[in-house]
Amino acid sequence: QSVLTQPPSASGTPGQRVTISCSGSSSNIGSNTVNWYQQLPGTAPKLLIYSNNQRPSGVPDRFSGSKSGTSASLAISGLQSEDEADYYCAVWDDSLNGSWVFGGGTKLTVL
Amino acid sequence: QVQLQESGPGLVKPSQTLSLTCTVSGGSIGSGGYGSYWSWIRQHPGKGLEWIGYIYYSGSTSYNPSLNSRLTISVDTSKNQFSLNLSSVTAADTAVYYCARQTGFPGYFDYWGQGTLVTVSS
């Protein structure tokens with residue numbers, strides 16, 4: 001069971017807006033910034049959003065992130081077929097000696 | 001452009017030590033540039049991501065508490081490589097292993113290797 005809770009699946013039709021949630025606690029999301037990764041089938045994860053809401057160069061502005069308290073969200077607007085992938089949230093957890101924790105992942109299906 | 005490449009055996013016998021190396025190109029591990037930390041992350045078949053641990057160019061490390069007793073991560077700045085040793089492996093250690101660069105602290109994983117599948121089986 002993951003420290004961060006994500007819905008296992010999400011779906012939408014092309015052009016729609018979908019959101020993926022990530023729920024944590026005071027020792028992780030409540031204390032540190034959240035990053036999001038996109039993993040296309042058979043490939044390594046790719047940084048999608050960092051520091052809660054920043055997009056690396058090359059990531060379309062259709063992708064956006066937000067954080068409030070101990071929860072974070074990833075929003076994808078203007079959904080496209082190539083957005084079909086697994087999405088993971090990740091954050092540093094300050095408990096014990098500290099460690100990175102990931103959400104269980106959300107499989108996004110474009111209908 | 002930083003690139004990372006994992007290498008090592010794809011098959012390890014139970015109770016033995018899993019050893020992997022990550023070779024970094026396009027940037028120097030030893031410079032500590034961008035506050036770089038060098039991590040190992042794994043993904044069990046069909047499952048999510050699990051952070052294994054990181055090493056800073058100076059040699060300081062941080063490990064996942066669940067793996068701490070079996071884990072050693074080391075760095076060889078002269079070869080621009082860092083390595084993972086996981087001892088006493090079982091079938092539960094079968095996974096795709098990724099190396100990744102963590103920029104800043106806590107920062108984020110901005111560059112990843114392609115991953116290498118390691119199977120633990122007799």
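Both backbone and side-chain heavy atoms feed into the values below; hydrogens, waters and symmetry mates do not. In what follows, chains carry the letters A, B, and so on, assigned in the order in which the sequence lines appear, proteins first and then strands, with residues in each chain numbered from 1.
Hydrophobic clustering (side-chain heavy atoms under 4.5 Å, transitive across Ile, Leu, Val, Met, Phe, Trp, Tyr) keeps A:Trp36 apart from A:Leu47. When the side chains of ILVMFWY residues are joined at heavy-atom separations under 4.5 Å, either directly or via intervening members, A:Ile29 and B:Leu49 end up in two distinct hydrophobic clusters. A continuous path of hydrophobic side-chain contacts links B:Trp40 to B:Leu117 [ILVMFWY only; heavy atoms under 4.5 Å]. Criterion: ILVMFWY side-chain heavy atoms under 4.5 Å apart, direct or through other members. Under it, A:Ile20 and A:Val101 are part of a common hydrophobic cluster. B:Val2 and A:Val59 fall into different hydrophobic clusters, where Ile, Leu, Val, Met, Phe, Trp and Tyr are joined by side-chain heavy atoms under 4.5 Å apart, directly or via other members.
In this structure, CD1 in A:Ile49 is found 12.0 Å from OH in B:Tyr108, a value given to the nearest 0.5 Å. A:Ser57 OG to B:Asp110 CG: the interatomic distance, rounded to the nearest 0.5 Å, is 12.0 Å. Atom-to-atom distance recorded for B:Trp112:CH2 and A:Gln39:CD is 8.0 Å, nearest 0.5 angstrom. Taking CD from B:Gln102 and CG from A:Asn35, the interatomic distance works out to 9.0 Å, rounded to the nearest 0.5 Å.
For the side-chain contact (heavy atoms from CB on, under 4.5 Å) with B:Ile41, the lone residue among A:Tyr37, A:Trp100, A:Phe102 that qualifies is A:Phe102.
Contact count versus chain B (heavy atoms, under 4.5 Å) is highest, among A:Gly103, A:Pro56, A:Ser51, A:Pro45, for A:Pro45. No other option in B:Gly53, B:Gly48, B:Gly115 has as many heavy-atom pairs under 4.5 Å with chain A as B:Gly48.
Taking the six-membered ring where the residue is Trp, B:Phe105 and A:Trp92 present perpendicular rings, their angle passing 60° and hence far from 30°.
B:Lys47 approaches A:Tyr88 most closely through the heavy-atom pair O-OH, 3.5 Å. The shortest heavy-atom contact between A:Ser99 and B:Trp51 is CB-CZ3, 3.3 Å. Here the shortest heavy-atom pairing between A:Ala44 and B:Gly113 reads CB-O, 3.2 Å.
Of the atoms belonging to B:Phe109, heavy atoms from both backbone and side chain fall under 4.5 Å from chain A. Looking at A:Gln6, neither its backbone nor its side chain comes within 4.5 Å of chain B, counting heavy atoms on both sides. Neither the backbone nor the side chain of B:Tyr111 comes within contact range of chain A, judged by heavy atoms closer than 4.5 Å.
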